[in-house]
Amino acid sequence: MSKFLVVMKREYAQVVKKKSFVVMMFLTPALMAAFMVVPALLATMESSSADYLAVIDRGDQGIGEQFAEALRGYTIGDTDDPAYIVEGVINVDPSDEKRFAEAYDSLVVQVSEQNLKAFLVVSPEAHLADSNLLMVTNSDDFITLRRVEDQLSNIVSSHRIRIADVDLTVDSVLALTRSVDVPIRDTQGEAIPFMIKYFAALIFVMLIYVMIITYGATLMRSIIEEKNSRIIEVLVSSVSPFQLMAGKVVGLGLAAFTQVAVWVVLGAAIFMATSSGGLEIDPAVGRMVFNPVIVTFFLLFFISGYIMYSSLFALIGSIVNSDKEAQNFIFPITISLILPVMVAFAVVRDPGATWVQVLSFIPFIAPTMMLERIVFVVPSLTEYSLFSGVVAEATLSFILVCLTTLGVVWLTAKVFRVGILMYGKRPTLPEIIKWVRK
Amino acid sequence: MYLKLEKIRKQYEDKVAVDDLSLEVPQGAIYGIIGPNGAGKTTTIRMIMNIIAPDSGRILFDGREVDGSFVDRVGYLPEERGLYKKMKVSEMITYMAELKSCPASDARKRIDPWLEKMDLAQYRESKVEELSKGMSQKLQFITTLLHEPDIVILDELFSGLDPLNIELIKGVLLDLKRQGRTILFSTHVMEQAEKLCDYICMINRGQKVIDGKLADVKAQFGSNVLQVDMEGDGGFIRSLPGVKSMDEFNNYIEIGFEAGADPDVILKGILDKVKIRRFEVMEPSLYRIFIETAQIDPSDLKQEEGDSHV
């Protein structure tokens, strides 16, 4: 058996046989889901009990009563329980400042003691200026605030129409002027909601990032360990440094691949189980996950990015003597890989912006950045050829990554064979340059 | 000649580590490279192992310049010992054998006899980190030899070994010699080398001081020495007529005498002053030869010998 295969087999077995490998296999997707999905779910989740509200109405148009009536239409989830209970509407004569102040102060106390979620103050002539309305609350519950605004808009608009004395019924005017909800379809004639694209991009990018950082760091640590335990000298007297490095990179890469493969199989199983169980998965999700262009480029950038970065990790491991020394070098790697996640909101608005294009051609950023762009564009095979649009750009970017990878591997092979025998002392940059020239 | 070094040279920055060193190791011999720390022993061995490249000179094995095939025919024990802590003993041995192109199935067959021989049988399935330092040394020795190399190269062979293990390993080396294998080792412990070598090469500051068959080297050096074990202070011996040199060791004093001097006369001179427990006229020790040939201050060397090897 070739020595490269012997090294590869050991590196693979050392990772896969570990208990932590199996634990992480199940824990990582769970954690990823927890970090991305749960906060979003919690934010949209309705409270399980009714919220108490109050109204002080100083006007004579009955806006307070109408508002209380409108809110009664909301229920909690699918139940018949009301979502809001309006504690009664306090009507105060506009001239009676004393009574208003009393009512206002007592409601403020109730809100600050959290007996009330909020109260609304309606001044006279509410239809003339928004400043004649006031909502007092300490809550940032945006769902409730949006409902309040929606209902008040309707009520105030009705009054404006009535006062304008147009020759139409209020309802017909409202119907005629209702806001427009523009349906959005892409060129494939389908709609993929923004949030689905965003999460899909995040998952693909995070997957590459987590795999490269995890397995790259494992590779680096194993080299540091071999240096510190001095076993490296026996190793390089048996295999060439390049065979050793290649065996490690490929062995650990296969371990990473095993992990992703298990996730894909698990994901597919869950997908099948839920769709046969009657639970419909959004077809938009299917279009993203089973898009051949996205899947192909995910694999290409995953493999090339992994080889490029793990060679870089091997280079770092060969010149440092401890994990601590390595930290300084790892930071730029983390930033390059995670950058697309940090700018995702800007990228999704315009995946073709010049700065996004430039970033997606910088080889160390390209694997995650270009992938993010592809996911946001959702190209289809019928629409794009290899030579047009984002697919052509991705192909070019992939070629650049491959060329850079060759360069990094060449450089690492040069530095690695000298660096691994330098115990105790970290080489200076001029020394490293000298090794490379040799 | 089996292994031949032709004028190999290695320079680091401004320091010459190995200076045009030539040596010849015959097949089936036990060959010792001897010298103090920093003499260039490890650099020489690393060049033989192709871990570092010489600046100039050639290294020939079996008549050909060393290449990839040499790697699998050699067993190498570096000065700095090391194993994978998290691997099992049996896995560790198999892995190292596979790296020497020895099929795993063959390696597995050979593991048990070796573990028996080295008194490690009960640790077969233990992790390397559970072994004591001495046991790890023996395990590393097994990994050096399991693929049945034609030539064994051992750097600082005795460093870190307790006396019991030294005897055990000496026995193994003599077995290997009987099988016709060649053994090259380096050490700074000259007494040990003296008991084991057929051939020696003494080096100091990167240069060869003397080399050849151990018996020839001793004969070439000529004059014998007197070893005396006595009660009381022997400081006066230095001034006795006919005494050329005197080295005090823990349990005895070694006295070199001038050509033509009669050891009997010297012995009488000592007996006049102190009581002698034991005496012996013998061949000069390698230590004596080294000091006289390399012309170095013995106090420097003694200090180094006292160090536990780093």
Side-chain angles (χ1 to χ4, degrees), chain A residues 1-21 218 221-244 246-248 251 318 321 414 416-425 427-428 430-431 434-435 438, chain B residues 12-13 42-43 45-53 55 66-68 70-88 91-92 94-107 128-129 136 139-141 143-144 146-147 149 152-156 160 310:
Chain A
M1 189 170 18
S2 143
K3 291 180 185 179
F4 157 75
L5 289 177
V6 175
V7 176
M8 190 193 83
K9 212 178 70 184
R10 192 198 91 95
E11 295 294 330
Y12 181 79
Q14 286 296 306
V15 171
V16 176
K17 277 198 304 193
K18 264 193 216 156
K19 281 192 203 85
S20 60
F21 179 78
T218 305
R221 243 177 266 124
S222 89
I223 292 168
I224 294 175
E225 191 212 319
E226 281 163 5
K227 267 181 86 168
N228 287 339
S229 74
R230 305 294 191 248
I231 196 169
I232 196 80
E233 198 163 330
V234 189
L235 296 178
V236 294
S237 74
S238 306
V239 300
S240 73
F242 188 77
Q243 280 175 320
L244 180 65
K248 280 175 173 297
S318 72
N321 292 294
K414 287 252 172 187
F416 188 78
R417 61 172 304 135
V418 193
I420 46 179
L421 293 171
M422 301 269 293
Y423 308 132
K425 173 180 162 291
T428 60
E431 278 177 308
K434 216 170 79 187
W435 303 343
K438 261 192 183 169
Chain B
Y12 292 113
E13 304 294 321
T42 296
T43 307
I45 286 178
R46 281 184 174 176
M47 284 191 282
I48 299 173
M49 292 311 303
N50 199 22
I51 292 169
I52 49 177
D55 298 336
V66 292
D67 55 13
F70 173 67
V71 162
D72 291 340
R73 295 177 63 187
V74 61
Y76 172 51
L77 181 73
E79 178 185 6
E80 308 252 23
R81 315 286 154 83
L83 297 161
Y84 286 113
K85 294 188 190 72
K86 300 280 174 202
M87 274 181 115
K88 279 186 192 166
E91 286 176 346
M92 182 77 227
T94 314
Y95 180 57
M96 295 314 257
E98 279 189 282
L99 285 185
K100 291 290 190 184
S101 305
C102 170
S105 53
D106 289 1
V128 172
E129 61 189 348
S136 309
L139 172 58
Q140 181 134 31
F141 199 65
T143 63
T144 309
L146 194 97
H147 60 288
V152 184
I153 295 180
L154 313 151
D155 197 5
E156 284 300 344
V310 184

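In what follows, chains are A, B, ... by sequence order, proteins preceding strands, each numbered from 1.
- Using a 4.5 Å cut-off on side-chain heavy atoms (C-beta onward), A:Glu233 and B:Asp155 make no contact.
- Residue B:Phe70: no heavy atom, backbone or side chain, is found under 4.5 Å from chain A.
- Here the CD1 atom belonging to A:Ile231 is positioned 7.0 Å from the CD atom belonging to B:Gln140, to the nearest 0.5 angstrom.
- Shown here for B:Asp72 and A:Lys3, the closest heavy-atom pair between the two residues is OD1-NZ, 2.6 Å.
- The number of heavy-atom neighbours closer than 6.0 Å to CZ of A:Arg417, taken from other residues, nucleotides and ligands shown, is 12 or below.
- Residues B:Tyr84 and A:Arg10 meet the side-chain proximity criterion, which asks for heavy atoms closer than 4.5 Å.
- For A:Lys17, the part lying near chain B is the side chain, with the backbone staying farther off; criterion is any non-hydrogen pair under 4.5 Å.
- Using a 4.5 Å heavy-atom threshold, the side chains of B:Leu99 and A:Val7 count as touching.
- Among A:Val239, A:Val418, A:Leu235, the residue making the largest number of heavy-atom pairs under 4.5 Å with chain B is A:Leu235.
- Looking at heavy atoms from C-beta onward, A:Val236 lies out of side-chain contact with B:Arg46 at the 4.5 angstrom threshold.
- B:Lys100 approaches A:Ser237 most closely through the heavy-atom pair NZ-O, 3.4 Å.
- Ionic pairing of B:Lys86 and A:Glu225 is not present here: no N-O contact between side-chain nitrogen and carboxylate oxygen is shorter than 4.0 angstrom.
- Within the 4.5 Å cutoff, no side-chain heavy atoms of A:Arg230 are placed close to those of B:Glu79.
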